[in-house]
Amino acid sequence: MMLLTSCHSEPLSLRQALRYAQDNRPQLESVLQHYRNDPERLAAARHLISNMPAHYSYRDTSAINAYYATALEVMSQDITPEHQRDTLRDISERCYPGMTHDVVSDIQVMTAGYLIYSIDQAFEQWRTRPWASHLTFPEFIDWILPYKAAELQSLDCWRDTLSKEFSDSIGAIPPDDSRRLSIYGAIDIVRDEITRDRPPRVLWEEQSGYRLLSASTLKNMTFGSCHDYVTMGVLTFRSLGLPAVIDRVPVWGRNNQGHSWFTFISDRGIETPTMNSLIVPAGIGFYPYERCPKVFRTTYAINPDRLRYIKRSNYRHPFPLCEQDVTGHYCRTSDPVIALRKGTRIKERYAYIAMLTNQGGPHYTILDFGRVRHHKAHFTQIGRNILYIALGYDGKRLIPVSDPFIIEKSGCVRYITGDATVIRHINIRRKYYQSANVVEMRRRLLGSRIQYADRSDFSDAITAYTFSTTEIPDKIPLPHTTGAHRYWRYLGADGTYGSIAELAFLNADSSRIDGIPIADTRVPADTVRRAFDDGWLTNFESAEGQADNVWVGMDFGEPQHVSYVRVVPRSDDNDICPGNRYELLYWDSRNLDWVSAGCQTATDNVLQYDSIPAGTLLWLRNLTRGSDERPFLTTGDGNIEWW
């Protein structure tokens, strides 16, 4: 009777976890027995065991350890990080295929010795480190205690390895130093040491094979994604008793990519996010220009809402089970109620809120799920000032069940339906919104000049054109009265460093006039050539401290009459490019799908389309090159509103 009563006094989640452990149950019960007289550590052990079924490791530890040994050899070679990445990707595909599909729940392989070691180490850091003493027990449970920060992370002695590797700087500072005693100061000391010993080399393009998630590979990383570096940083911080978690945005509000960063609890008890993995100091301002549709925090604890969704949903989108929605920590949110379109039929009680991103055209990136009640989808904690669409499962696939809608800054919902009875003519200059940096680069045109001369030092220079607007045609016509001259140049306005991407001089039939590139003597020859290489992402610009009177041009060898000049400002290469082929899509509100308005090859840096329904959502594709595309609207005055 006593044993039965004791068993049923354990929380249901713990009893279920122990049953799921199967043959490994005695290992976990011995941990509970070990801490029977220590209430705090017993509570910590119960928490870890109760949530352990949701965490996974490689089943074949010998294979992954062999791969990690190979990775260490590759990372020690004197080759570029890109070469290391490609080598490891090739090795993982040839020699270790399918390992991520052969996994086992931690609760079925966890040993009592390792779990006790991990719990005792975490408590030691919490109780002895000066910057962790103010943490509450729940904060300790979430921010320091977990024995892993990423799925498939090795069950090794990472606390010992990483704390030993990156603690020299913090150990050398006097114990009474105010910086050392604060969490902010201690985290930045450790971050400085990590970046000094292993300068982060973030590779965005592709994965390198299996993630490097052993203690030995983490401390020797020579490249990785933002998420890889954040994972390494959080584990290092926790190994020293510094509270840190991983937050992520699945996709920015007007972007096609997401991002990960670490957040820590300051000495004032304030959650403090970083901005860019480990590259910038902790606590520096957080992306002031970006819009957050959703922000999720990686947790050790199982999210009960996600667990219910997995049990009840017919579609079962692969949402991570151990995540917490923290969008409201970063921005104002809304709980929109979206009416499903009449006639739509879905096969479950859930709907999905998604953003439009580019994957070879408009693609629905699912952010979260909501409950459907009375033919309406109810969503929670949705970021504002962003375009969304609601999807539902029809028994075979996800389909749109609403028109695209914008949650305004005020929280109001604006549906984008268009008006097929009103037809408009539109001009399009870009396929992607302009970032603050692109606007700044384009602004550098203002006040700059096109000049000609008959002397190589331009002492007799005459101005043929002055830039008074940033909206310039592809071919800027020059006055017919300029005559023929040997030397022509682009002279940047003071303070602009002469920044441009491309420069070309054209004759009356618009063909290029070739000559010898020339420039300000302060600019190296290889930089001068960038103004004439037809590359819109290679830029001409003078060095720092040389912002005034910077110029680049052509020596034609003999006088030439220039009819047009082409100046391409520095940008992200998302302006309309002559010679590229484009396709415009518009949203058909009647059929809840995209319709092509036709393809055309650009002859200028502006595309013109007729017969476009007013107020409809638009999407411009570059069929020749590039991957940055975003939906947009045109306003009544012809301006473009990017989403």
**Item:** Mutual orientation of the aromatic rings belonging to Trp126 and Phe140 [parallel < 30°, tilted 30-60°, perpendicular > 60°]
**Value:** parallel

**Prompt:** Do Ser239 and Thr236 have side-chain atoms, one donor and one acceptor, less than 3.5 Å apart?
**Reply:** no

**Item:** pair Arg384-Thr333: side-chain heavy atoms closer than 4.5 Å
**Value:** no

**Message:** I'd like to check Val202 versus Ser225 (side-chain heavy atoms, cut-off strictly below 4.5 Å). Are they in contact?
**Reply:** no

**Asked** Between Tyr147 and Tyr117, does the ring centre distance come in under 6.0 Å?
**Response** no

**Message:** For a side-chain contact (heavy atoms from CB on, under 4.5 Å) check, start with the C-alpha distance between Ile346 and Tyr393, then their side-chain angles and the critical distance, and finish with the verdict.
**Reply:** CA-CA 5 Å; Ile346 58 178; Tyr393 182 58; 5.5 Å; no

**Message:** I'd like to know whether Glu82 forms a salt bridge (Lys or Arg N to Asp or Glu O under 4.0 Å) with Arg201, so could you lay out the CA-CA distance, the side-chain angles of the two residues, the decisive distance to 0.1 Å, and finally the verdict.
**Reply:** CA-CA 9 Å; Glu82 289 81 3; Arg201 180 67 171 89; 2.2 Å; yes

**Asked** So, Phe369 versus Phe379, ring centres under 6.0 angstrom or not?
**Response** no

**Complete:** Sorted by chain and number, sequence neighbours left out, ring-ring contact (aromatic ring centres under 6.0 Å, His included) with Tyr433 holds for none

**Message:** Before you tell me yes or no, could you show the steps for Phe286 and Trp261 under ring-ring contact (aromatic ring centres under 6.0 Å, His included), namely the whole-Å CA-CA distance, both residues' side-chain angles and the distance that decides it to 0.1 Å?
**Reply:** CA-CA 10 Å; Phe286 182 80; Trp261 60 91; 4.8 Å; yes

**Request:** On the 0 to 90° scale, with breaks at 30° and 60°, tag the Tyr96-Tyr67 ring pair as parallel, tilted or perpendicular.
**Result:** perpendicular

**Message:** Less than 4.5 Å apart, side chain to side chain, heavy atoms only: is that true for Ser105 and Met52?
**Reply:** no

**Prompt:** Does a side-chain heavy-atom distance below 4.5 Å link Tyr364 with Met355?
**Reply:** no

**Item:** Side chains of Arg198 and Asn220, donor plus acceptor under 3.5 Å
**Value:** yes

**Message:** Ignoring hydrogens and geometry beyond distance, is a side-chain donor-acceptor pair present between Thr222 and Gln84 at under 3.5 Å?
**Reply:** yes

**Request:** Go through the steps to decide whether Val103 and Ser57 satisfy the test side-chain contact (heavy atoms from CB on, under 4.5 Å), and finish with yes or no.
**Result:** CA-CA 6 Å; Val103 300; Ser57 296; over 6 Å; no

**Any side-chain heavy-atom pair of Val190 and Ser169 under 4.5 Å** = no

**Request:** First locate atom CZ of Arg191, then atom CG of Leu242, and finally report the distance between them rounded to the nearest 0.5 Å.
**Result:** 13.5 Å

**Message:** Does the Lys NZ or Arg CZ of Arg306 fall within the cation-pi geometry relative to Phe296 - under 6.0 Å from the ring centre and within 45° of the axis?
**Reply:** yes

**Fill in**
residues 271-297 vs salt bridge (charged side-chain N to carboxylate O under 4.0 Å, His left out), sequence neighbours excluded, gives Asp247-Arg297, Glu271-Arg297, Lys294-Asp325, Lys294-Asp368

**Asked** What residues form a side chain to side chain contact (heavy atoms under 4.5 Å, CB included) with Glu124, not counting sequence neighbours?
**Response** Thr128

**Request:** Would you indicate whether the side-chain heavy atoms of Thr298 and Val245 approach each other to under 4.5 Å?
**Result:** no

**Request:** Establish, yes or no, whether a centroid distance under 6.0 Å links the rings of Tyr287 and His259.
**Result:** yes

**Item:** Inter- and intrachain pairs under ring-ring contact (aromatic ring centres under 6.0 Å, His included), touching residues 214-233, at least two apart
**Value:** none

**Request:** Compute the centroid of each ring, for Phe264 and then for Phe237, and state whether the two points are separated by less than 6.0 Å.
**Result:** no

**Prompt:** Among Thr365, Asn255, Asn256, whose side chain to side chain donor-acceptor pair (under 3.5 Å) with Thr357 holds?
**Reply:** Thr365

**Request:** Would you check if Ile407 and Phe405 make a side-chain contact, meaning some heavy-atom pair closer than 4.5 Å?
**Result:** yes

**Complete:** Distance col, row Leu48:CG vs Leu14:CG, nearest 0.5 angstrom, shows 11.0 Å

**Complete:** Hits for salt bridge (Lys or Arg N to Asp or Glu O under 4.0 Å) against Asp177, two or more places apart or cross-chain, chain-then-number order -> none

**Item:** Lys/Arg N to Asp/Glu carboxylate O, Arg196 vs Asp192, below 4.0 Å
**Value:** no

**Message:** Nearest 0.5 Å, please: how far is OG in Ser13 from NE2 in His47?
**Reply:** 10.0 Å

**Chi angles and distances behind the side-chain contact (heavy atoms from CB on, under 4.5 Å) call for Tyr210, Leu152** = CA-CA 10 Å; Tyr210 300 113; Leu152 303 179; over 6 Å; no

**Asked** Taking all non-hydrogen atoms of both residues, which atom of Ser154 and which atom of Tyr114 are closest, and how far apart?
**Response** O-OH, 4.4 Å

**Asked** Ala149 and Ile246: which non-hydrogen atoms are nearest, and at how many Å?
**Response** O-CD1, 4.0 Å

**Considering all heavy atoms, the nearest Ala71-Leu212 contact** = CB-CD2, 3.8 Å

**Complete:** Of all heavy-atom pairs linking Glu151 and Leu213, the shortest is O-CD1, 3.4 Å

**Message:** Go through it in stages, so that I can follow the logic: the residues are Asp160 and Lys164, the test is salt bridge (Lys or Arg N to Asp or Glu O under 4.0 Å), and I'd like the CA-CA distance, side-chain angles, deciding distance and then a yes or no.
**Reply:** CA-CA 6 Å; Asp160 290 331; Lys164 182 178 179 181; over 6 Å; no

**Message:** Nearest 0.5 Å, please: how far is CH2 in Trp158 from OG in Ser216?
**Reply:** 14.5 Å

**Prompt:** Is it true that the NZ or CZ of Arg371 lies under 6.0 Å from the centre of Tyr350's six-membered ring and within 45 degrees of the ring axis?
**Reply:** yes

**Asked** Checking side-chain contact (heavy atoms from CB on, under 4.5 Å) against Tyr68, which of Thr70, Asn65, Leu72 comes through?
**Response** Asn65

**Prompt:** Is the backbone N or O of Gly209 less than 3.5 Å from a side-chain atom of Arg89, with the two atoms forming a donor-acceptor pair by type?
**Reply:** no

**Message:** With no hydrogens and no angle check, just 3.5 Å: does a side-chain donor-acceptor pair link Arg127 and Ser133?
**Reply:** no

**Message:** Give me the atom names and distance for the closest heavy-atom approach of Thr100 to Tyr58.
**Reply:** CG2-OH, 3.9 Å

**Complete:** In short, salt bridge (charged side-chain N to carboxylate O under 4.0 Å, His left out) pairs touching residues 99-122 with sequence neighbours left out are Arg41-Asp120, Arg59-Asp102, Asp106-Lys148

**Request:** Would you please say whether a donor-acceptor pair under 3.5 Å links the side chains of Thr111 and Gln27?
**Result:** no

**Item:** Closest contact, heavy atoms only, Glu348 versus Ser313
**Value:** OE1-OG, 2.9 Å

**Item:** Full working for side-chain contact (heavy atoms from CB on, under 4.5 Å) between Leu115 and Ile49
**Value:** CA-CA 9 Å; Leu115 190 55; Ile49 294 171; 4.0 Å; yes

**Sub-4.5 Å side-chain heavy-atom contact between Tyr315 and Tyr352** = yes

**Asked** When rounded to the nearest 0.5 angstrom, what is the spacing between CD1 in Ile141 and CD in Glu40?
**Response** 8.5 Å

**Asked** Does a donor on one side chain sit under 3.5 Å from an acceptor on the other, for Gln108 and Asp23?
**Response** no

**Item:** Under 3.5 Å donor-acceptor, Trp643 side chain and Asn385 backbone
**Value:** no

**Request:** Report the distance from atom CD of Gln153 to atom CG of Leu218, rounding to the nearest 0.5 Å.
**Result:** 7.0 Å

